[in-house]
Amino acid sequence: MTMRLYNQITAEMIQEDMRYLELLSHSFPTIAAASTEIINLEAILNLPKGTEHFLADVHGEYEAFRHVLRNASGAIKRKVNEIFGNTLREAEKKELCTLIYYPEQKLQLVKEVETELEDWYVITLNQLVKVCQNVSSKYTRSKVRKALPEEFSYIIQELLHESSMDPNKQAYINVIISTIIDTHRADDFIVAMCNLIQRLTIDMLHILGDIFDRGPGPHIIMDTLCDYHNFDIQWGNHDILWMGAASGNDCNIANVLRLAMRYGNLSVLEDGYGINLLPLATFAMETYADDPCTLFGPRIDKATNTDSQKTIRLIAQMHKAISIIQFKLEAEIIRRRPEFKMDDRMLLHRIDFEKQTVLIDGKEYPLRDNFFPTVDPQDPYRLSEEERDIVQKLHNSFIGSEKLRKHMKCLFRYGCMYNVCNSNLLFHASMPLNADGTLKEIDILGQKYKGQSLLKRVGQLIRTAYFDESNSEEKAFALDYMWYLWCGKDSPAFDKNKMATFERYFVSDKETHVETKGYYYQLRDREDVCDMILDEFGVEGEHRHIINGHVPVKAVKGEKPIKANGKLMVIDGGFSKAYQPETGIAGYTLVYHSRGFQLVQHEPFTSTQRAIEEGLDIKSTTQIVEMSAKRMMVKDTDKGKELAVQIEDLKKLLVGYRTGLIKEKAN
């Protein structure tokens, strides 16, 4: 081996890397240590790639989100079917799946009705061992061991690596299981096994943006992600909105509040993040005491909502109050940043209070609501003293929220504007393009950016807005730019000609509500355009793709999520209940395992309670997107490329040891 290695690795190569190899020798101080690591890494390269799971636009729908994670978009059910086939009845397989998804809750129900509990434990533990052996088979023992709960680590390792086909080994397994039951640890052990199965079924989770807004539990989703074993996030416009609010941008704060009122999700702010809404509520009740605020009633499911009419009216009053404050605050940025070219979004001064009309694009439209007690016709964008005081209190509340800081830390640590992973380019919304399909140049602080350089620059500005504590011009611009990213026409997170918030509230004519999408949304159906974008980001591979969210796929109207001859996949199918009437489904998830891609289309999720009590899983339809005759191994992935580099470095270290250029370290 030494001569073969030395033919490839010369003394000059070792001398060039001597500083690095000396550092590496501290981790692998002997020939034996370096050789063992090479053997380990070579073995890992020849394992099947782990399963990647893609979700987008979950919009606070935490119950559906957590259920999809627990069932791995149906992967666990498929494995249970493969393992047990016709040896279990459908009802028994459904019970086993429900136990794996919700072990603590399901155990309680089982113990209430099961008369032969010890037999049930024996059967169930044996079944869980088989499932766990299956899902752990593509990983090294070391990786599985790291995923194990500490208190049961040794026992689970024994069970996973013993074959029940050998009669002697089966007796050994039976003794372990019976001892677990006799020592009254069966419940805890079952919970540990189920959680391990969930964890090993998904190796990597990709969230393609828009965790926040609309649904009732974005903070619960963030809590789940902060504790998740392996994930990344590509920021969406709704995430950036909250990141801007946490950075102290008052326009973003007002938008966050307005959306919470619109969807009746005050508990996210008050209970989730400790935001004090009392000053806004008091102001709204007084200012709009005689206003029915009918246009501002929250979008809620009346069949399930438990709020009183008094509470709903208060939300409507707060909704209107914060909307007017938002329009005033946005005008301050628009005036301060003429380069944003958003003068058309200043509409309060275009209101004719006597005629009760508003002038939009040179045309007069009647107003649906003409009660504006806080708008001075002579100076319509001036905040009243009360409004300014409310803005300051809300600002302090957002900046001071400890829970929000924790979640922002997670978003920044694991998030970015885009990611390239295993020949897939992931970003939330858009890549600004010209009409001819070329990359559009965007001016930021006097410099032009496009494509990859644009997303990198945007990512830098987002981090500057949150982390930079200086009073520099870049910091001030970055803070304003956080709002622009939410609704600016050249924002890669938005990419529409306008956000027609004012028009949707106050103008009946729907022609004013139209938000024209950028050219990307028209041209992304073309394979050549997708190839150009993939080339721009240096994405290589025979099977390479762009994966987006942001724009709901209207499956009910026959729209397909697979575009550009398979080069692009759009996986926003309507996780948010607000979108489900429009899409006709309740979201897509994408699964990328060692055999290829599977797109899973989900029906609406009923509830966690029904999933536990009745075994109601999300009804899902799986579509084969792309399957390969050759199974994809770790060596074919980005991680495999990293490991190959590590192996080459270790080989250099090994040659260095054996030729005496580097000395082995004492144990």
Looking only at the side chains, is there a donor atom on one of [X] and [Y] sitting less than 3.5 Å from an acceptor on the other?
| X | Y | result |
| --- | --- | --- |
| H395 | D250 | yes |
| Q452 | Y418 | yes |
| Q317 | D291 | no |
| H428 | D210 | yes |
| Y520 | N548 | yes |
| N434 | T438 | yes |
| E540 | S423 | no |
| H349 | D379 | no |
| Y62 | H219 | no |
| E52 | N424 | no |
| Q356 | D352 | no |

Under a 4.0 Å threshold between the charged nitrogen and the carboxylate oxygen, would [Y] count as salt-bridged to [X]?
| X | Y | result |
| --- | --- | --- |
| E364 | R350 | no |
| K341 | D490 | no |
| R526 | D528 | yes |

Item to check | Among L280, T282, L383, I322, side chain to side chain contact (heavy atoms under 4.5 Å, CB included) partner for I390 | outcome: L280

Item to check | Heavy-atom side-chain contact between E503 and V514 under 4.5 Å | outcome: no

Next on the checklist: Please list all pairs meeting salt bridge (Lys or Arg N to Asp or Glu O under 4.0 Å) that have one or both residues in residues 466-483, counting only residues at least two apart or in different chains.
Outcome noted: R336-D480, R337-E473, R337-D480, R457-E474

For the pair [X] and [Y], name the ring-plane relationship: parallel under 30°, tilted 30 to 60°, perpendicular over 60°.
| X | Y | value |
| --- | --- | --- |
| Y288 | F371 | perpendicular |
| F467 | F412 | perpendicular |
| Y505 | F296 | parallel |

Checklist entry - Are F372 and F506 an aromatic pair by the rule of ring centers under 6.0 Å? => result yes

Item to check | Aromatic ring proximity H238/W486, centre distance under 6.0 Å | outcome: yes

Next on the checklist: My understanding is that only residues two or more places apart in sequence, or in another chain, count here; which of them pass salt bridge (charged side-chain N to carboxylate O under 4.0 Å, His left out) with R388?
Outcome noted: E332

Checklist entry - Passes side chain to side chain contact (heavy atoms under 4.5 Å, CB included), I351 versus F502? Steps please. => result CA-CA 12 Å; I351 294 174; F502 181 94; 4.1 Å; yes

